[in-house]
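Each ligand, and each atom within it, is numbered from 1 in the order the structure gives.
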Amino acid sequence: MRMLEGIPVSEYAKRREKLLRSLKGSVGIVFGGDHAPPLRGDWDPDFNFLYLTGILDEVGAMVFFDPTAPDPDKRVVLMLRPPNPEMDIWDGFREPLGKELREKTGFTSVMRVQMLPRLMTEAARRTKSLACLHPLAPYTAPVSRDYEMFQKVAARIPGCGIEDKSDLLTQMRQVKSPAEIKQIRAAIAATKVGIERLWSGLKPGVSERTLHQELIRGFEEAGSKRVAFDPIVGSGANAVVLHYKQNDMPTKDGDLMVLDCGASINGYAADITRAFPVNGKFSDRQREVFNAVLKAQEAAIRAVKPGARMMDADKAARRVLEKAGFGDFMPHGIGHHLGLETHDPGLYHEELKPGMVVTIEPGAYLPDEGIGVRIEDDILVTKTGNENLSKSVKKSAAEMERVGRS
Ligand code: GLY
Ligand code: MN
């Protein structure tokens, strides 16, 4: 079994204990998710499952929460698929159940998933309350896995109800622990290495693809094993495409480039965007847009503090852009929470609290002029305000004119 590095096993156990208490007697279950197609990269566990266990490679696993189980050691149970020696030849060998596995995972109880129907029925009869922990699906999508299961369980047990507790894990995940913040800082440091490596190869004519490759080489040299998301290396007109992915055009003299990227370290993401002229000199118009976006970003970052909300930061940025004449040119929101996911769960109208990490990334995009600017930093909410975790990555107009080779 492979587990994320960087977070102590005892911290996962504490997260599970906290969730168990927050369930206030209701039964809950968190699914790890099913198999990815063969040869299509790593299996990515459900992020709530990953947050609660750190387990990276147990397809089909789940965590069962039974707060009123008579045996306190069986209140939080890790449930694993049965052994399958023939599949192990393809996917790798799996440990047997036992003390070693309990110590490695920090669970006091590890069972096979075949036990679940019996345990679930006993627990539901005792508690008469089942709590949905996975995000509830919109009506256009399949029903969430736990709700689907609970409907079947409740239909078989008189008086058993189903509750919505899908905010619990979101709220827990939003406030990062010191160990999590350390991983995000490391991801940002690796991202900086990649960005600087890309800059060292920047000059008109070099292709976005070559720069992309330099970026990834930098991430890897700095210890990152995977990207947090596909980087956006967009020059000229491509810079106005918000999630541009092709990264395969030659850069041209006079282009502005938007670079939006993040390395992942021990499962945690960075997400940084810089905009810079490929030839080392902003045109007057490029500089005008750049300065407006930078000013908007500074205003939005100042708005990030305990008790404020992301929508306050959004409004602060839009006020500046409006004044500069670019009010209608930011089609996206001001940012998002950052953590295990690049877009970590979190809502615009919720109050920010110390320990939360958010991105602040205003932009202005003028497709008719082939100018796109976005500037993004990763901001930790502190007791007194905030700390810009990515402030050591150059970003001023003067610095952006000196990053390349021309
Ligand atoms: N960095 C890409 C995004 O936040 O959507
Ligand atoms: Mn972002």
Side-chain angles (χ1 to χ4, degrees), residues 44 47 170 173-174 176 180-181 183-195 198 208 211-212 215-216 218-219 224 226-235 238-247 256-265 267-276 293-294 296-301 303-304 309-314 316-318 321 329-348 350 352 356-365 372-381 386-391 393 395:
D44 282 321
F47 285 102
T170 301
R173 282 177 55 190
Q174 281 177 344
K176 270 66 185 179
E180 290 183 290
I181 293 166
Q183 305 315 315
I184 295 173
R185 283 186 198 276
I188 290 168
T191 306
K192 179 179 171 177
V193 172
I195 291 175
L198 179 151
E208 294 167 351
L211 296 172
H212 178 143
L215 177 78
I216 302 297
F219 288 179
S224 168
R226 64 190 292 184
V227 289
F229 59 94
D230 289 340
I232 298 163
V233 187
S235 56
N238 302 329
V240 307
V241 180
L242 301 179
H243 279 169
Y244 175 67
K245 287 195 192 72
Q246 288 84 346
N247 299 349
L256 200 60
M257 171 168 274
V258 165
L259 168 65
D260 182 343
C261 62
S264 167
I265 291 273
Y268 284 81
D271 186 6
I272 299 173
T273 308
R274 292 294 183 260
F276 42 87
V293 173
L294 184 58
Q297 201 220 17
E298 287 163 352
I301 292 175
V304 174
R309 297 153 300 174
M310 286 298 271
M311 68 185 192
D312 301 320
D314 189 288
R318 282 183 205 279
L321 289 174
F329 300 99
M330 181 169 125
H332 56 75
I334 192 66
H336 48 85
H337 286 253
L338 183 70
L340 283 172
E341 293 178 83
T342 303
H343 291 185
D344 234 24
L347 294 174
Y348 244 49
E350 282 170 343
L352 295 168
M356 291 183 174
V357 180
V358 297
T359 69
I360 292 294
E361 49 177 311
Y365 311 89
V373 174
R374 180 167 61 258
I375 305 175
E376 175 177 31
D377 283 296
D378 302 338
I379 312 295
L380 169 68
V381 183
N386 71 64
E387 178 188 345
N388 182 345
L389 300 178
S390 47
K391 64 174 174 295
V393 183
K395 102 174 149 177

- prompt: Is a donor on one side and an acceptor on the other found under 3.5 Å between the side chain of N386 and the backbone of V304?
  reply: yes
Show the distances, to 0.1 Å, for all pairs joining an N/O atom of ligand 1 and a protein N/O atom that are shorter than 3.5 Å, listing one pair per line.
unit_1   : atom_1 : unit_2 : atom_2 : d
ligand 1 : 1 (N)  : D260   : OD1    : 2.9
ligand 1 : 1 (N)  : D260   : OD2    : 3.0
ligand 1 : 1 (N)  : D271   : OD1    : 2.8
ligand 1 : 1 (N)  : D271   : OD2    : 3.1
ligand 1 : 4 (O)  : D271   : OD2    : 3.2
ligand 1 : 4 (O)  : H336   : NE2    : 3.0
ligand 1 : 4 (O)  : H343   : NE2    : 2.9
ligand 1 : 4 (O)  : E361   : OE2    : 3.3
ligand 1 : 5 (O)  : H243   : NE2    : 2.7
ligand 1 : 5 (O)  : H343   : NE2    : 2.9

message: With 2.8 Å as the threshold, which protein atoms of type N, O or S lie near the Mn ion (ligand 2)? Leave waters out.
response: D271 OD2, H336 NE2, E361 OE2, E376 OE2
message: Once side chain to side chain contact (heavy atoms under 4.5 Å, CB included) is applied, do any residues pair with A186, and if so which ones, sequence neighbours excluded?
response: I265
message: Determine whether a donor-acceptor pair (N or O, by modelled atom type, separation under 3.5 Å) exists between the side chain of Q183 and the backbone of G267.
response: no
- request: Decide yes or no for Y348 and I334: does some side-chain heavy atom of the first lie under 4.5 Å from some side-chain heavy atom of the second?
  value: yes
query: Can you name the one residue among E341, M310, H343 that meets side-chain contact (heavy atoms from CB on, under 4.5 Å) with H336?
result: H343
query: Hey, does P345 have a side-chain heavy atom less than 4.5 Å from the side chain of F47?
result: no
- prompt: Considering residues at least two apart in sequence or located in another chain, which fulfil the ring-ring contact (aromatic ring centres under 6.0 Å, His included) criterion with Y365?
  reply: H332
query: Is M257 close to L211 at the side-chain level, that is, under 4.5 Å between some pair of heavy atoms?
result: yes
query: Given R274, which of D377, D260, L198 fulfils the side-chain contact (heavy atoms from CB on, under 4.5 Å) condition?
result: D377
